[in-house]
Amino acid sequence: MIIKDKVKMPVLNKKIRQTNFEEVACGYDIELAKLEAKRCLDCKNPKCIAACPVQVPIPEFIKLILEDKLDEAYYKIYEDNILPAICGRVCPQEKQCEGACIVGIKGDSVSIGALERFIGDYALDNDLSKNETIIEKNIKVAVIGSGPAGLSASASLRRLGYDVTVYEALHDFGGVLKYGIPDFRLPKNIVTTEINKLRTMGVKFEKNVIIGKSITIDQLLNEYNYQSIFLGTGAGLPSSLKIKGENFSGVYYANEFLTRVNLMKSHTFPKNPTPVKVGDNVAVVGGGNVAMDAARTAKRLGAKNVFILYRRDMDALPARLEEIHHAIEEGIDFRLLKNPVELIGDKYIVKQVKCEIMELGEPDKSGRRRPIGTNKYEIIDIDSCIISIGQLPNPILRESTDKLDVDDWGRIKTNVHMTSIDGVFAGGDVVSGAATVILAMGAGKEAAVEMDKYIQSKKQ
Ligand code: FAD
Ligand code: SF4
């Protein structure tokens, strides 16, 4: 018999959590995990696996939970996904595995993400790590960027026996997992522990090295003797609204705002000397995960009113459903069909945002109804504004690397993961534009296979 309703994950009280950065979703315990695991039908043709970008054998690990074989369940996932505790928390499962789950046709789909997180957390709590035999090749490869794409590529390359060094521009490793996604969704100690597992495997990590400035790609290939390079440098350059007033003090780009809080711990000022001021009324422009994270962070920094300004309607919000739900619970105000056209300030500091009121027309290329201006305007008083309308790749690499082909948006062009430079591969947001953790991991894993083929073919 199919159990229609999923087992809900306990969450922190919504009033209390607005005042701190503790993780909101608390995870299943073993009883809840087993109850949920029982809902899986162990399908003969499991649609969930096909819908997972790294093809985790979902029904197999769920069955192992029911059999109390939690170590085995972890190893089963780990073969295809090195970051289950992270993906279980942040993947847009409703659009991937859970979106394809058969049980979802007549009720709630199986909570695959919550079960994956349960196993990932079990492995962290019990210090599980797979003892993998690595046959050394003594061939050096470099990975640029320590986000999900770089981490996944480095794990796969290391398993193949390569001598892997990861170069990271920032003073900490993990990419967006560390500097973008806030603690209340993804506690940073989880990311650190997962990275330490890669160190144990033998992956080397170098921080504060900006490839393209400190060392060039050319130097890595010709002076440092790397036989192949993977570029996983992400999409860290924020898109601008291109409206009047964007330079006023009090206007932030979401990446900068979140980095100040996540990496520089501005919320612990004066313990850490990098304060960030939001004031009482905060406008967040955009409707994706980044906008939700910025809005919920602003609330936790003490803002009284935080509102999302988005030019379409609720149904078109691109953020994960869970994040939208948690934002609503925390009192974030969604002011929809509003498009900012000007930021108004006194001399230096932002004071107001002028928005055009929009209505929806026919569907555009994305399938969503196109927002159309009405020529009617509304002015809203604000103390700060956080712009979160997308990110593109940082130009440092393309500006410092001859013959690195990019498209009109600065995304690196690849052919079966190889760039226009022989032996240099790329994947993740720097190729696709801002996307998801699991897609970046999938690209890193596939690129590692291509790098191996490339290096082996050179030896013949
Ligand atoms: P990144 O994670 O951006 O990592 C790139 C790394 O390369 C960075 O550490 C950067 O410092 C480093 N780097 C850049 N240039 C250089 C250089 N020249 N030299 C050396 N190092 C360099 N996705 C989800 O699936 N679920 C979510 O809930 C979600 N929430 C998000 C919330 C926020 C705030 C943001 C910003 C993104 C979110 N995403 C989410 C998207 C997801 O995080 C990204 O798609 C993913 O991190 C891309 O991985 P990546 O490895 O390609 O790049
Ligand atoms: Fe289980 Fe759903 Fe996957 Fe079928 S599609 S195996 S029910 S998780």
Side-chain angles (χ1 to χ4, degrees), residues 2 37 39-53 57-60 62-63 86-87 89-93 95-98 100-105 109-112 115 143-153 166-182 185-186 206-215 217 231-238 254-255 257-259 262 288-294 297 319-320 322-323 388 390-391 393-397 400-401 426-441 443-444:
I2 299 178
R39 299 183 59 239
C40 172
L41 304 176
D42 192 11
C43 304
K44 270 211 178 90
N45 175 19
K47 302 266 187 260
C48 54
I49 302 182
C52 167
I58 294 163
E60 284 182 58
I62 293 181
K63 206 166 162 198
I86 294 173
C87 291
R89 283 172 167 82
V90 303
C91 272
Q93 290 101 2
K95 292 185 188 146
Q96 297 173 348
C97 53
E98 292 180 15
C101 170
I102 305 291
V103 177
I105 296 172
S109 52
V110 175
S111 295
I112 301 167
L115 292 171
V143 170
I144 319 303
S146 66
L151 295 177
S152 161
V166 178
Y167 289 98
E168 169 55 52
L170 294 173
H171 63 273
D172 202 357
F173 303 105
V176 169
L177 304 176
K178 273 272 175 69
Y179 78 74
I181 304 180
R185 280 213 293 134
L186 176 63
E206 298 282 347
K207 60 186 174 186
N208 297 320
V209 187
I210 306 176
I211 299 301
K213 293 265 183 215
S214 329
I215 313 172
I217 297 285
L231 307 176
T233 45
L237 183 77
N255 263 19
F257 174 74
L258 290 168
T259 303
N262 290 333
N289 285 323
V290 186
M292 299 305 134
D293 283 343
T297 298
R320 289 184 62 209
E322 189 187 15
E323 307 319 325
S388 174
Q391 292 97 236
N394 188 301
I396 292 177
L397 270 185
S400 62
T401 316
D429 281 7
V430 74
V431 171
S432 60
T436 64
V437 170
I438 196 71
L439 286 174
M441 287 178 65

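As the structure lists them, so they are numbered: ligands from 1, and atoms in each ligand from 1. We count residues from 1, following the sequence as given.
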* atom 2 (Fe) of ligand 2 to nearest N/O/S of Cys101 less than 2.8 Å -> yes
* What residue and atom, counting heavy atoms only, is the protein's closest point to atom 7 (O) of ligand 1, and at what distance? -> Gly145 CA, 3.2 Å
* **Atoms in ligand 2 with a heavy atom of Cys48 nearer than 4.0 Å** => 3 (Fe), 5 (S), 6 (S), 8 (S)
* Indicate yes or no: does an N/O atom of Gly180 lie under 3.5 Å from an N/O atom of ligand 1? => no
* Going by the atom numbers of ligand 1, which of them fall below 4.0 Å from some non-hydrogen atom of Gly234? -> 3 (O), 5 (C), 52 (O), 53 (O)
* For ligand 1, which atoms, with element, lie under 4.0 Å from some heavy atom of Ile144? -> 19 (N), 20 (C)
* **Polar contact flag for Ala149 and ligand 1 (N/O pairs, less than 3.5 Å)** => yes
* Asked: For ligand 1, is there an atom lying under 4.0 Å from some heavy atom of Pro148?
  -> yes
* **Contact atoms of ligand 2, heavy-atom distance to Ile112 under 4.0 Å** => 8 (S)
* Examine the proximity of ligand 1 to Phe173 and report which part, side chain or backbone, both or neither, has a heavy atom under 4.0 Å away. => neither
* atom 1 (Fe) of ligand 2: nearest protein contact (heavy atom, Å) -> Cys40 SG, 2.4 Å
* Asked: What do you reckon, does Glu168 have a nitrogen or oxygen under 3.5 Å from a nitrogen or oxygen of ligand 1?
  -> yes
* Asked: Are the side chain of Arg320 and the backbone N or O of Asn289 linked by a donor-acceptor pair below 3.5 Å?
  -> no
* Looking at side-chain heavy atoms only, is the closest gap between Met441 and Cys87 below 4.5 Å? -> yes
* Asked: So, does Gly232 sit close enough to ligand 1 that a heavy atom of it is under 4.0 Å from the ligand?
  -> yes
* Atoms of ligand 2 close to Pro59 [distance to a heavy atom under 4.0 angstrom, numbered from 1] -> 6 (S)
* To do: Return yes when Leu186 approaches ligand 1 closer than 4.0 angstrom through a heavy atom, no otherwise.
  => no
* **Atoms in ligand 2 with a heavy atom of Val103 nearer than 4.0 Å** => 7 (S)
* Which heavy atom of the protein is the closest neighbour of atom 52 (O) of ligand 1, given with residue, atom name and distance? -> Asp429 N, 2.9 Å
* **Residue part near ligand 1, for Asn394, under 4.0 Å between non-hydrogen atoms** => neither
* Would Leu151 count as a contact of ligand 1 if the rule is a heavy atom under 4.0 Å away? -> no
* Could you check atom 7 (S) of ligand 2 against the protein and tell me its nearest heavy-atom contact, residue, atom and distance included? => Leu41 N, 3.3 Å
* In terms of residue, atom name and distance, what is the protein heavy atom nearest to atom 4 (Fe) of ligand 2? -> Cys43 SG, 2.3 Å
* Any N/O pair Ile210/ligand 1 closer than 3.5 Å -> no
* Just need the protein heavy atom nearest to atom 31 (C) of ligand 1, so name the residue and atom and give the distance. => Ile181 CG1, 3.7 Å
* Close N or O approach (Arg320, ligand 1; < 3.5 Å) -> no
* Starting from atom 41 (C) of ligand 1, which protein heavy atom do you reach first, and at what distance in Å? -> Ala435 O, 3.3 Å
* **Where ligand 1 meets Gly428 - atom numbers and elements under 4.0 angstrom, heavy-atom basis** => 52 (O)
* To do: Using a strict cut-off of 4.0 Å, indicate which atoms of ligand 1 neighbour a heavy atom of Asn255.
  => 36 (C)
* To do: Output yes when a side-chain donor or acceptor of Asn262 lies under 3.5 Å from a complementary backbone atom of Gly180, and no otherwise.
  => yes
* Asked: At what distance is the nearest protein heavy atom to atom 32 (C) of ligand 1, and which residue and atom is it?
  -> Asp293 OD2, 3.2 Å
* Quick one: which of Ile438, Asn289, Val437, Leu397 has a heavy atom closest to atom 23 (N) of ligand 1? -> Val437
* Provide the number and element of each atom of ligand 1 under 4.0 Å from a heavy atom of Leu170. => 11 (O)
* Asked: Nearest to atom 33 (C) of ligand 1 by heavy atom, Val290, Asn262, Thr401, Asp172: which?
  -> Val290
* Structure fact -> Logged contact type for Leu177 with ligand 1, heavy-atom cut-off 4.0 Å, is neither
* Asked: Any idea which atoms of ligand 2 are less than 4.0 Å away from a heavy-atom of Ile102?
  -> 2 (Fe), 5 (S)
* Nearest protein heavy-atom contact for atom 26 (N) of ligand 1: which residue, which atom, what distance? -> Val90 O, 2.6 Å
* Given Ser146, which of Glu168, Lys178, Lys207 fulfils the side-chain hydrogen bond (donor to acceptor under 3.5 Å, both in side chains) condition? -> Glu168
* Asked: Can you check whether Ala440 has an N/O within less than 3.5 Å of an N/O in ligand 1?
  -> no
* Asked: When you measure from atom 16 (C) of ligand 1 to every protein heavy atom, which one gives the shortest distance, and what is it?
  -> Thr233 CG2, 3.5 Å
* Asked: Does Arg185 have a heavy atom less than 4.0 Å from any atom of ligand 1?
  -> yes
* Considering only protein heavy atoms, which is closest to atom 4 (O) of ligand 1, and at what distance to one decimal place? -> Gly147 CA, 3.4 Å
* **Heavy-atom nearest neighbour of atom 43 (O) of ligand 1 within options Ile211, Val176, Leu258** => Val176
